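In what follows, residues are counted from 1 in the order of the sequence shown. Bear in mind that the values here come from a model prediction, so they are computed numbers and not experimental data. Counting starts at 1 for both ligands and their atoms, in listed order.
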Amino acid sequence: MAKATGYIFLGPPGAGKGTQAQLLAEKLDIPHISTGEMLRDAIAQQTPLGQKAQVYMDKGELVPDELLLGLIEERLNQKDAQNGWILDGFPRNVHQAQFLDQWLNSIQQFSKAVINLAVPHDVLIKRLLARGRKDDSELTIRRRLEVYDEQTTPVIDYYAQKGLLHSVNGDQTLDKVTTSLLAMIQVP
Ligand code: AMP
């Protein structure tokens, strides 16, 4: 039987990852798994993990891997994720990418496709300021973009070297991004 596909969305905050990931998830009928959403839920429910994570999120820093890796592994093990999934916001650093690879190798059930949504920083800052989420103050936005450049850009190289990266220009209308994306990953 053909392996199911796990899609990984990369791209800076404000690139439109969440929107595109959601659209693809609906089209393919597989879950959209956003670590940011999972963490915001944990904060809303005031779980111990949520309380620890909030300190980092409010500053625009990454939540430490030891808090996050168990959370994602548990989510990927759930029943609805057995036929494929879309990861939005994970992996955010090379260690997380290696963790995911090891996990995928151990279960041998999925092939991966990585989609990178590229958008220039000045466009991102405008979009994020307009969005107005709690961690969207200008200072935090700038820090999130710095963290992205420092820690997540190496993940793009990591997948590019493996020949898995599909780059899409995210600085287009939402519909055009979707069209380019679907063509790139050959989903009709
Ligand atoms: P997002 O909704 O993807 O923009 O994530 C919001 C915030 O959640 C980020 O700024 C991080 O603080 C935290 N976060 C989400 N995903 C991760 C991850 N994979 N690793 C570490 N922190 C994360």
Trace of the side chain to side chain donor-acceptor pair (under 3.5 Å) decision for Tyr158 with Asp101: CA-CA 11 Å; Tyr158 174 90; Asp101 268 356; 2.5 Å; yes
Where ligand 1 meets Arg144 - atom numbers and elements under 4.0 angstrom, heavy-atom basis: 10 (O)
Atom 8 (O) of ligand 1 - nearest protein heavy atom and its distance: Met57 CE, 3.4 Å
Electrostatic pair Glu150-Arg143, nearest N-O below 4.0 angstrom: yes
Can I get a per-line list of side-chain donor-acceptor pairs under 3.5 Å for residues 8-22, giving both atom names and the distance, sequence neighbours left out?
from: Lys17; atom 1: NZ; to: Gly11; atom 2: O; distance (Å): 2.9
from: Gln20; atom 1: OE1; to: Thr178; atom 2: OG1; distance (Å): 2.8
from: Gln20; atom 1: NE2; to: Leu174; atom 2: O; distance (Å): 3.2
from: Gln20; atom 1: NE2; to: Thr178; atom 2: OG1; distance (Å): 3.4
from: Gln22; atom 1: OE1; to: His32; atom 2: ND1; distance (Å): 2.7
from: Gln22; atom 1: NE2; to: Glu26; atom 2: OE2; distance (Å): 2.9

Min heavy-atom dist Arg143 to ligand 1 below 4.0 Å: no
Side chain, backbone, both or neither: the part of Val63 lying under 4.0 Å from ligand 1 by heavy atom: both
Part of His95 with heavy atoms under 4.0 Å of ligand 1, whether side chain, backbone, both or neither: neither
Nearest-0.5 Å distance that lies between atom CD1 in Ile30 and atom OG1 in Thr5: 7.5 Å
Closest protein heavy atom (residue, atom, distance) for atom 11 (C) of ligand 1: Glu61 O, 3.6 Å
Nearest candidate to atom 2 (O) of ligand 1, where distance is taken over non-hydrogen atoms, out of Gln96, Arg40, Arg92: Arg40
Numbered atoms and elements of ligand 1 in range of Thr35, under 4.0 angstrom, heavy atoms: 15 (C), 16 (N), 17 (C), 19 (N)
Exercise: do Asp135 and Thr140 side chains pair donor with acceptor under 3.5 Å: no
Proximity of Leu62 to ligand 1 by residue part, where a heavy atom lies under 4.0 Å: both
